[in-house]
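Below is one structure; the comments refer to it alone.
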Amino acid sequence: MKTIIEPFRIKSVEPIRMTTREERARLLEAAGFNLFKLHSDDVIIDLLTDSGTSAMSAAQWGAVMTGDESYAGAPSFYRFEAAVKDLMDFTHIIPAHQGRAAEHLLFSLIAKTGDLIPSNTHFDTTRGNIEAMGAEALDLPIAEGRVPSLDHPFKGNMDLAALERVLTEEGGRIPAVMMTITNNAGGGQPVSLENIRGAARLAKAHGKAFYIDGCRFAENAWFIKLREEGQKDRSIKEIVRETFALADGMTMSAKKDAFANIGGWLALNNDALAERARTLLIQTEGFPTYGGLAGRDLDAIAQGLKEIIDEDYLRYRVRTNAYIAERLDAMGVPVVKPAGGHAVFIDARAFLPHIPPLEYPGQALTCAMYETGGIRACEIGTVMFGRKPDGTEAPGAMDLVRLAMPRRVYTQSHADYVVEVLEDVAATKDTLKGLRIVKEPPMMRHFTAAFERL
Ligand code: F0G
């Protein structure tokens with residue numbers, strides 16, 4: 001059959017509250033033109049994030065009921081640990097309440113003032129945790145990864161020549177090399193196995209640890225299977241296992257590729273580092289067999305990890321985004337090519353050339369999408385990355401708007417609706433205005449900043 005259908009049927013539903021355009025215009029103004037401040041029941045299609053928004057399966061809800069809430073040594077922990085090790089065979093699996101908690105543990109222990117941590121592209125919480133230690137988070141994506149309109153099978157790859165150069169020139173400042181799969185901030189783009197091998201090899205040659213931020217590991221493995229030479233006959237599990245065997249540890253948000261609503265982990269092979277991490281975990285998150293989670297959350301993750309590597313699911317998952325991206329492209333809305341694993345990214349800088357980066361074209365587009373059709377998307381551009389640690393402001397590398405797809409939540413007609421709303425926005429795009437920030441916190445301003453329309 002030609003149509004790739006949702007490989008599930010729906011047993012339990014949540015109603016969507018419909019709103020009018022007038023109502024949304026009022027709500028948007030009251031939210032200071034920051035969509036993070038909206039109440040989610042005022043949103044029709046919520047594409048703010050794919051994080052923690054998955055629909056859990058009947059088997060996951062069943063596992064929730066068998067969760068054991070003992071403080072220490074709960075069987076839920078051992079099921080969780082076994083499920084993680086089945087895919088990522090690290091010596092120590094340390095649960096945490098979400099990805100950024102795992103990052104906080106890792107960088108509190110391995111980074112200090114003046115250090116430098118290279119990556120293909122750090123996600124914003126990773127960057128925040130590194131900078132909070134006084135260290136520098138350095139992005140080294142391949143050149144193709146910075147050009148939204150350019151098609152490339154592994155746009156998330158790291159520039160290995162640049163990595164080798166910094167390792168040689170700045171090695172004394174570098175405690176570890178990091179790789180984010182898929183590269184979220186760079187457009188949800190995959191990293192090839194060859195590139196992961198190359199980065200691991202360089203890190204090892206310079207005596208540095210190599211860590212993977214594995215949030216969307218299953219989507220990354222699917223792209224490797226589809227696009228990388230010699231990989232098409234391997235199972236997703238084999239590809240995932242090889243990926244993580246190349247690393248000394250990983251950070252993970254189970255809110256992405258584990259179908260869980262909360263959770264994460266830090267995994268390590270280094271015994272001494274793991275002991276220090278567990279000590280810090282007890283201080284900040286909880287005992288090492290629950291790490292800030294309920295036993296039932298650990299069971300939901302254990303089951304989710306079994307489901308996420310299903311090829312029918314991954315085929316449908318990636319196809320939904322590709323479908324939206326193709327239709328947007330056909331009507332002249334500039335999208336990051338090819339479509340990413342968890343999201344479609346619109347190039348707002350190219351779509352709204354009359355709005356300069358420091359008037360936030362991405363934010364202007366998210367506001368227009370909400371006002372027009374009740375869609376909530378997320379700016380990934382100058383609002384998110386424009387404020388530098390020294391207090392100055394500069395345009396982000398790109399001004400993207402991310403339409404992130406919650407896993408197993410929306411259907412084909414929801415996807416068609418998203419396309420229609422953008423068709424409507426495109427028809428009057430020249431009338432859209434930029435914004436000015438009227439209030440912002442010192443860090444991670446995109447979550448709480450308030451704006452005014454110019
Ligand atoms: N790393 C990557 C690549 C991420 O995308 C995220 C979260 C994290 C780490 C942090 O994990 O949220 O569990 O603390 N990304 C979400 C998003 C918030 O919308 O992309 P967390």
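Here, residue 1 is the first one in the sequence, and each next residue gets the next number. As the structure lists them, so they are numbered: ligands from 1, and atoms in each ligand from 1. Source: prediction; values computed, not measured.
Ion pair Glu219/Lys256 not flagged as a salt bridge, since none of the NZ, NE, NH1 or NH2 atoms sits closer than 4.0 Å to an Asp/Glu carboxylate oxygen. The pair Arg327-Asp416 meets the salt-bridge criterion, since a charged nitrogen lies less than 4.0 angstrom from a carboxylate oxygen. Using a cut-off of 4.0 Å between Lys/Arg side-chain N and Asp/Glu carboxylate O, Lys112 and Asp115 are scored as salt-bridged. Using a 4.0 Å cut-off between charged nitrogen and carboxylate oxygen, Asp50 and Arg407 count as a salt-bridge pair.
Between the OG1 atom of Thr180 and the CE atom of Met158 there is a distance of 8.0 Å, given to the nearest 0.5 Å.
For ligand 1, the 4.0 Å heavy-atom shell takes in Thr49, Ser51, Gln98, Gly99, Arg100, Glu103, Phe123, Thr125, Thr180, Asn184, Asp213, Cys215, Arg216, Ser253, Lys255, Lys256, Arg402, ordered by chain and residue number.
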Per-pair distances, 0.1 Å, donor-acceptor, side chain in residues 340-352, under 3.5 Å, sequence neighbours excluded:
from: His342; atom 1: NE2; to: Asn184; atom 2: OD1; distance (Å): 3.1
from: Asp347; atom 1: OD1; to: Arg349; atom 2: N; distance (Å): 3.3
from: Asp347; atom 1: OD1; to: Ala350; atom 2: N; distance (Å): 3.2
from: Arg349; atom 1: NE; to: Asp399; atom 2: OD2; distance (Å): 2.9
from: Arg349; atom 1: NH2; to: Gly396; atom 2: O; distance (Å): 2.7
from: Arg349; atom 1: NH2; to: Asp399; atom 2: OD2; distance (Å): 2.8

